[in-house]
Amino acid sequence: MDSSKSEYFEKLSNVDGLVLYKCFVENWDKVMAFQARPDDILIATYPKSGTTWISEIIDMIYKDGNAERCKEDAIFNRIPFLECKKEDALDGIKQLKAMASPRIIKTHLPADYLPVSFWENNCKMIYLCRNAKDVAVSYYYFHLMVPAHPNPGTFAEFVEKYMNGEVPYGTWYKHVKSWEKRKHSNMLFMFYEDMQKDIRKEVIKLYHFLGKKPSEELVDKIVNHTSFQEMKENPTTNYTTLPEEDMNQKICPFMRKGCVGDWKNHFTVALNERFEMHYEKEMKGSTLTLHTEI
């Protein structure tokens, strides 16, 4: 076994066909047994799809636009990461059990791997989808900065792993399609590119979905507080409170660019052609229309 393969198996594992971090898999039974509450709000995404952005917006909605209340604690404590388990530092299940309702919960799990209690309790679910090319770029930099990942190699090498599902949470294609086919009245399917194009419209959409009434003043507060620049400089959203051994922001900031179309700075013509062919094959039958530029 070559060293790169050795590192891969050392840091990642597999549960029921899904690639995950080893420490997450060790906690898998507790994740599957998790008891959702009927008033839980679930935010589901494939990694690097705007999770922190939409999470902060929803927390602001539930805190009536009070930015200071949101700044009282880091976002990973306010909105626990369901399947996360890293020694005693981060434990999503433990955090959630101790939280009062209504809880806002983050997950990167495909719909087919979600604890059944979320479906049984008909919880409100929000799925945020981002175009596959920009996700690949952002996920590559995330691999470089977070030591929990195997070395991603060059960008082209990483894209191959990404297309083949040899990254945490498997392929983008299967993940997105798993949530696409689960659409129901208590689920809101959103697009990162729509948020970039008209954030006010998307914030109002979230308000209505969550059964709350927006005001111009509240929407203004949320839009201002959750702008990329504000969140990039906010220690409770930019993950700078985590130690360097968990997230090395000297290599790359967690809040890197937050835009649509950065893939054009990374994909060569040949790599783009290969990716487009693979995308067309894997997304056959899907009704989703994703924009790679706006």
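What you see below is based on every heavy atom in this structure, not just the backbone, and it leaves out hydrogens, waters and symmetry mates. Keep in mind the model is a prediction, meaning the values are calculated, not measured. In what follows, residues are counted from 1 in the order of the sequence shown.
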Pairs flagged by salt bridge (Lys or Arg N to Asp or Glu O under 4.0 Å) wherever residues 191-201 is involved - sequence neighbours left out: R200-E216, R200-D220
Of all pairs that satisfy salt bridge (Lys or Arg N to Asp or Glu O under 4.0 Å), the ones with a partner from residues 244-261, not counting sequence neighbours: K86-D246, E244-K250, R256-D262, K257-D262
Do any N or O atoms from the side chain of [X] and from the backbone of [Y] form a donor-acceptor pair under 3.5 angstrom?
| X | Y | answer |
| --- | --- | --- |
| R103 | L96 | yes |
| Q35 | S117 | no |
| S13 | K22 | no |
| S49 | L128 | no |
| Q249 | F254 | yes |
| T226 | I222 | yes |
| W263 | T292 | yes |
| E202 | I54 | no |

List for me each residue that meets side chain to side chain contact (heavy atoms under 4.5 Å, CB included) alongside [X], sequence neighbours excluded, and say none if there are none.
| X | value |
| --- | --- |
| E72 | R69 |
| T289 | H291 |
| S101 | R37, D39 |
| P38 | N121 |

How long is the straight-line distance from [atom2] of [Y] back to [atom1] of [X], given to the nearest 0.5 Å?
| X | Y | atom1 | atom2 | value |
| --- | --- | --- | --- | --- |
| I43 | I58 | CD1 | CD1 | 3.5 Å |
| T107 | L42 | OG1 | CG | 6.0 Å |
| K212 | D64 | NZ | CG | 6.5 Å |
| N122 | N186 | CG | CG | 4.0 Å |

Taking only residues two or more places apart in sequence or in another chain, which ones pass side-chain hydrogen bond (donor to acceptor under 3.5 Å, both in side chains) with [X]?
| X | value |
| --- | --- |
| E230 | none |
| T287 | E180 |
| R78 | E56, D59 |

May I ask you to decide if the ring planes of [X] and [Y] are parallel, tilted or perpendicular, using 30° and 60° as cut-offs?
| X | Y | value |
| --- | --- | --- |
| Y140 | F158 | tilted |
| Y192 | W53 | perpendicular |
| Y141 | H266 | perpendicular |
| H149 | Y139 | perpendicular |

Shortest non-hydrogen contact from [X] toward [Y]:
| X | Y | answer |
| --- | --- | --- |
| S55 | I79 | O-CD1, 3.2 Å |
| P152 | L144 | CG-CD2, 3.6 Å |
| A132 | Y162 | O-OH, 2.8 Å |

Any [X] side-chain heavy atom under 4.5 Å of [Y] side chain:
| X | Y | value |
| --- | --- | --- |
| E83 | L109 | yes |
| Y169 | V19 | no |
| T236 | T241 | no |
| S286 | V176 | no |
| H225 | K71 | yes |
| W119 | M125 | yes |

Cation-pi geometry met for K106 and F81 (6.0 Å, 45°): yes
Over-ring placement of K85 relative to Y21, 6.0 Å and 45° cut-offs: no
Hydrophobic cluster identity match, V116 and I93, side-chain contacts under 4.5 Å: no
Residues in salt bridge (charged side-chain N to carboxylate O under 4.0 Å, His left out) contact with E217, at least two apart in sequence or another chain: K221
Pairwise side chain to side chain donor-acceptor pair (under 3.5 Å) hits with a residue in residues 267-281, at least two apart: K133-N272, K133-E276, E160-R274, Y173-H278
Test: R182 and D112 ion pair at under 4.0 Å: yes
Other residues, nucleotides, ligands: >12 heavy atoms within 6.0 Å of K205 NZ: yes
Aromatic centroids of W179 and Y46 separated by under 6.0 Å: no
Y127 vs H175, side chain to side chain donor-acceptor pair (under 3.5 Å): CA-CA, chis, key distance, verdict: CA-CA 11 Å; Y127 186 77; H175 198 286; 2.9 Å; yes
Name each donor-acceptor pair under 3.5 Å that joins a side chain in residues 24-32 to protein atoms two or more places apart or in another chain, with its distance.
none

